[in-house]
Amino acid sequence: MIRHALERTGTTLRSLLFFFLLLNLSIYSISINARSNEDASFPPRGWNSYDSFCWTISETEFLQSAETISKRLLPHGYQYVVVDYLWYRKKVQGAYVDSLGFDVIDEWGRMHPDPARWPSSKGGKGFTQVAEKVHKMGLKFGIHVMGGISTQAYNANTLVMDSVKGGAYEESGRQWRAKDIGMKEKACVWMPHGFMSVNTKLGAGKAFLRSLYRQYAEWGIDFIKHDCVFGDDFNLDEISIVSEVLKELDRPVLYSISPGTSVTPTMAKEVSQLVNMYRVTGDDWDTWIDVVAHFDISRDLSASNMIGARGLQGKSWPDLDMLPLGWLTDQGSNLGPHRLCNLTMEEQKTQMTLWSIAKSPLMFGGDVRKLDDATYNLITNPTLLEINSYSSNNMEFPYITAARNNPHHSIGNNVKTKHAFGLTSCKEPKASTWSVVDKNNGKICWNQYSTEKPEKPFCLYNRKALLSSSEEIQHNQLYQGKLHLQTNDKAESCLGASSRKKLTSKDYSRGALSPCKLDANQMWELHSNGTLENSYSGLCAVLNPVKAAEASSNGVRSWIASGRRGEVYVAFFNLNQVKTTVSAKISDIAKALQNKTHLEGASCKSHEIWSGKDFGPTKDSVTIQVESHGPALFVLHCSHA
């Protein structure tokens with residue numbers, strides 16, 4: 001009897017030991033998964049098809065590119081390969097960026113790859129086989145998607161799928177369709193025939209978005225670039241819902257949002273915890289003005305501690321957009337890669353240096369199948385990639401001196417200020433500056449927020465409603481109390497918050513006058529706190545000072561950062577049209593870094609990576625002559641010995 005009791009006790013102990021072993025393995029597995037789900041620990045790095053193919057890339061071209069990347073760029077951390085927009089559009093006569101009726105959709109109104117360009121997608125397979133091939137190459141696979149629902153699905157009035165229960169989504173005793181959730185008045189401004197927002201306040205609207213992103217995960221997608229939801233197209237509700245859906249998945253999916261027109265630090269803080277990357281300018285193309293347009297916003301986001309801030313299941317990074325280097329196409333083109341980058345080599349080095357030290361994601365855009373040695377060496381420069389991944393305390397450094405090398409050219413900071421219409425977060429103080437000047441005529445004006453006043457008052461007039469139209473009566477009921485604004489009381493055009501085209505980084509003015517239409521982009525609401533809010537994006541109107549220096553690209557800029565091994569990085573950028581000698585005191589760098597690198601009183605040796613020259617030792621300053629539109633990048637090693 002005692003023996004049987006001991007045997008039972010032994011069995012119980014063995015069971016307990018086995019239970020604790022399983023528990024420990026589970027805890028270990030959870031901790032491993034938690035680490036692997038730490039998304040975007042470093043700025044993501046990869047390739048996107050847009051700059052070289054626009055929307056026309058095929059499966060063959062994409063897999064050729066992926067294979068090249070796996071061999072040449074993956075060893076340098078370029079691990080994401082992303083198909084940009086309109087992979088579902090048939091490449092036939094009449095199809096272009098904003099055409100209607102050429103897309104492949106399923107019975108639930110969801111986009112599917114064009115089988116003529118993506119033959120492995122036939123039979124409803126989607127991108128499954130492409131993702132499998134990409135994964136076997138050691139890469140991660142991404143796609144571009146538009147916000148909301150397609151106009152084609154809306155017109156077809158497709159059923160909404162319930163991806164949780166299966167079948168059609170049912171609520172209140174009926175099935176829900178595309179026309180129940182689509183918001184025609186909120187069509188994507190720069191692709192109005194393509195997509196419109198969905199009503200995320202409805203259960204069916206949320207169900208539609210959930211069905212989209214669950215399908216992408218089933219295909220094996222690792223990266224989502226979500227467009228027409230940020231910047232001037234800000235849709236925080238949709239971003240929040242998509243973020244929650246991605247968080248529910250059993251595998252990590254990196255979440256990127258776009259475009260970045262009008263982005264401010266306040267807007268960045270609203271989305272940073274929901275995403276892993278967020279664009280902060282319009283599209284970046286290979287023009288010098290586009291490159292220069294990234295300096296101010298990079299400075300502002302760094303000063304607001306947004307670089308590497310908390311993100312979706314990991315970190316988030318301000319995204320300066322793709323690197324349009326090498327062999328490219330043109331914006332909105334139906335052609336593939338057919339021309340070389342227009343930037344000079346000095347300008348390309350400036351772009352790559354800024355993107356790296358500002359810790360932007362590095363998404364190469366050129367045709368990797370024709371990757372030349374100069375471009376390859378630039379985007380794989382080991383010092384730049386080290387800075388991009390591992391540096392800290394990254395910030396713009398204003399305490400520099402510059403001396404022009406041509407007395408007939410001026411560095412010039414005394415420049416005239418003009419003002420351009422723009423958008424910003426309604427939480428910004430400068431947004432609360434509108435007031436009614438003439439109630440009878442519906443005249444509202446911008447009150448001065450700063451001392452940099454416009455040359456003459458900027459005023460807008462509320463358009464008189466034309467009640468003869470039944471459509472307009474319905475529109476007035478929808479937007480009761482809101483304003484249809486014109487630049488004068490006799491104008492035939494109305495002010496829209498966002499341009500009807502996809503903006504580039506160099507576009508300062510965001511608003512656009514166009515024939516008065518019954519859509520949210522042209523509807524405004526003047527609040528009692530003085531903000532003028534747009535009904536499409538929820539952003540508020542402002543007048544932004546634009547200095548002539550921004551247009552002419554005059555000036556010298558500098559950034560600094562700390563290295564992980566105690567080194568210090570100092571970058572100079574010469575935006576002038578002539579060679580300029582630039583200098584920075586080591587004591588000023590020490591103060592800016594708050595002695596985090598123990599620079600005070602140290603003797604420093606430095607290496608400048610672009611010239612290959614060594615300098616020092618010195619306790620005073622670093623000085624170099626920088627080419628027009630070019631950079632200098634010092635690596636400082638300092639000691640008190």
Side-chain angles (χ1 to χ4, degrees), residues 50 54-59 83-119 121-127 143-163 168-169 175-200 202 204-216 219 221 224-229 233 235 238 241-242 258 332 334 498 500-502 517-521 536:
Y50 178 68
C54 193
W55 65 275
T56 64
I57 193 168
S58 67
E59 181 172 338
V83 181
D84 211 87
Y85 69 164
L86 304 182
W87 36 266
Y88 35 82
R89 184 146 300 170
K90 299 173 184 176
K91 191 181 177 183
V92 295
Q93 187 175 1
Y96 61 98
V97 169
D98 192 33
S99 57
L100 175 60
F102 296 93
D103 296 341
V104 179
I105 60 174
D106 68 7
E107 61 182 311
W108 308 108
R110 302 178 300 180
M111 316 311 294
H112 273 251
D114 169 25
R117 285 194 288 146
W118 302 88
S121 69
K122 292 177 182 177
K125 296 186 182 73
F127 276 122
I143 59 172
H144 171 291
V145 299
M146 294 291 291
I149 190 170
S150 75
T151 306
Q152 192 168 318
Y154 180 91
N155 291 342
N157 203 21
T158 53
L159 284 165
V160 174
M161 181 183 185
D162 188 334
S163 58
Y169 180 83
Q175 295 181 335
W176 289 67
R177 293 182 173 270
K179 288 188 177 180
D180 296 320
I181 63 172
M183 304 173 75
K184 285 190 72 175
E185 72 279 6
K186 285 196 173 185
C188 177
V189 171
W190 51 268
M191 199 191 285
H193 295 107
F195 291 84
M196 65 185 75
S197 297
V198 297
N199 190 339
T200 55
L202 298 173
K206 296 175 183 176
F208 176 76
L209 293 175
R210 185 176 293 108
S211 73
L212 287 180
Y213 289 87
R214 286 192 170 190
Q215 175 178 254
Y216 302 147
W219 287 348
I221 303 300
I224 294 287
K225 179 183 175 183
H226 191 188
D227 211 342
C228 208
V229 293
D233 309 289
N235 190 337
E238 182 163 331
I241 290 169
V242 171
S258 184
N334 279 14
S498 302
R500 297 285 171 185
K501 65 175 184 176
K502 201 171 186 185
K517 296 180 66 174
L518 306 182
D519 66 23
N521 184 48
Y536 169 69

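Count residues from 1 along the sequence. Quantities reported herein were computed from a predicted structural model and do not represent experimental measurements. No hydrogens, no waters, no symmetry mates; every other heavy atom, side chains included, goes into these values.
Summarising the geometry, atom OH belonging to Y50 is positioned 9.5 Å from atom OG belonging to S258; distances are rounded to the nearest 0.5 Å. Here CG of L159 is found 11.5 Å from CG of D162. Values are rounded to the nearest 0.5 Å. Atom CG in L209 sits 7.5 Å away from atom OG1 in T200 (nearest 0.5 Å). Atom OG of S197 sits about 6.5 Å away from atom CE of M183, to the nearest 0.5 Å. The structure places CG of L100 at 6.0 Å from OG1 of T151, a figure rounded to the nearest 0.5 Å. Interatomic distance, M111 CE to L212 CG, rounded to the nearest 0.5 Å: 9.5 Å.
The heavy-atom pair separating I221 from Y216 by the smallest distance is CG1-O, 2.9 Å. Here the closest heavy-atom approach between residue G194 and residue D98 is recorded as N-OD1, 3.5 Å. W219 and P113 get closest at one heavy-atom pair: CH2-CD, 4.0 Å. Closest non-hydrogen pair, W55 versus V97, comes out as CD1-CG2, 4.0 Å. The two atoms that bring A178 and A153 nearest to each other are CB-O, 3.5 Å, heavy atoms only. Closest of all the heavy-atom pairs between S163 and R210 is OG-CG, 3.6 Å.
If you look at H193 and F102, their ring centroids are not closer than 6.0 Å. Residues H112 and W87 keep their aromatic ring centres 6.0 Å or farther apart.
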Verdict with reasoning, F208 to V198, per side chain to side chain contact (heavy atoms under 4.5 Å, CB included): CA-CA 9 Å; F208 176 76; V198 297; 4.2 Å; yes

Could you go through the side chain to side chain contact (heavy atoms under 4.5 Å, CB included) check for I105 and S150 one step at a time? CA-CA 9 Å; I105 60 174; S150 75; 4.2 Å; yes

Is there a side chain to side chain contact (heavy atoms under 4.5 Å, CB included) between V160 and S211 once you walk through the steps? CA-CA 8 Å; V160 174; S211 73; 5.8 Å; no

Under the criterion ring-ring contact (aromatic ring centres under 6.0 Å, His included), I'd like the reasoning laid out for H226 against Y213: C-alpha separation, chi angles, the key distance, then a yes or no. CA-CA 11 Å; H226 191 188; Y213 289 87; 5.8 Å; yes

Give the intermediate values and the outcome of side chain to side chain contact (heavy atoms under 4.5 Å, CB included) for residues H144 and V83. CA-CA 6 Å; H144 171 291; V83 181; over 6 Å; no

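Not one N or O on the side chain of N199 forms a donor-acceptor pair closer than 3.5 Å with the backbone of A204. A donor-acceptor pair under 3.5 Å is formed between the side chain of K125 and the backbone N or O of K122. The closest donor-acceptor contact from the side chain of R89 to the backbone of D114 lies at 3.5 Å or more, if one exists at all. Remark: the backbone N or O of V189 is paired with a side-chain donor or acceptor of Y536 at under 3.5 angstrom. Distance alone, capped at 3.5 Å, is enough to place a donor-acceptor pair between the R117 side chain and the I57 backbone. Under a 3.5 Å cut-off, the side chain of N157 and the backbone N or O of K179 do form a donor-acceptor pair. Counting only distance, with no hydrogens or angles, the side chain of Q152 and the backbone of D103 share a donor-acceptor pair below 3.5 Å.
M196 pairs with exactly one of K184, K186, E185 by the side chain to side chain contact (heavy atoms under 4.5 Å, CB included) rule, that one being K184.
At least one side-chain heavy atom of P119 sits under 4.5 Å from a side-chain heavy atom of E59. Taking 4.5 Å as the limit, some side-chain heavy atom of Y88 sits within range of a side-chain heavy atom of M146. Counting only heavy atoms from C-beta outward, the side chains of C54 and N334 never approach each other to under 4.5 Å. Taking the side chain as every heavy atom from C-beta outward, I143 and Y85 never approach each other to under 4.5 Å.
Remark: the W190 side chain and the D233 side chain contain an N/O donor-acceptor pair separated by less than 3.5 Å.
Salt-bridge check for D84 with K225: passed, with a basic side-chain N closer than 4.0 Å to an acidic carboxylate O.
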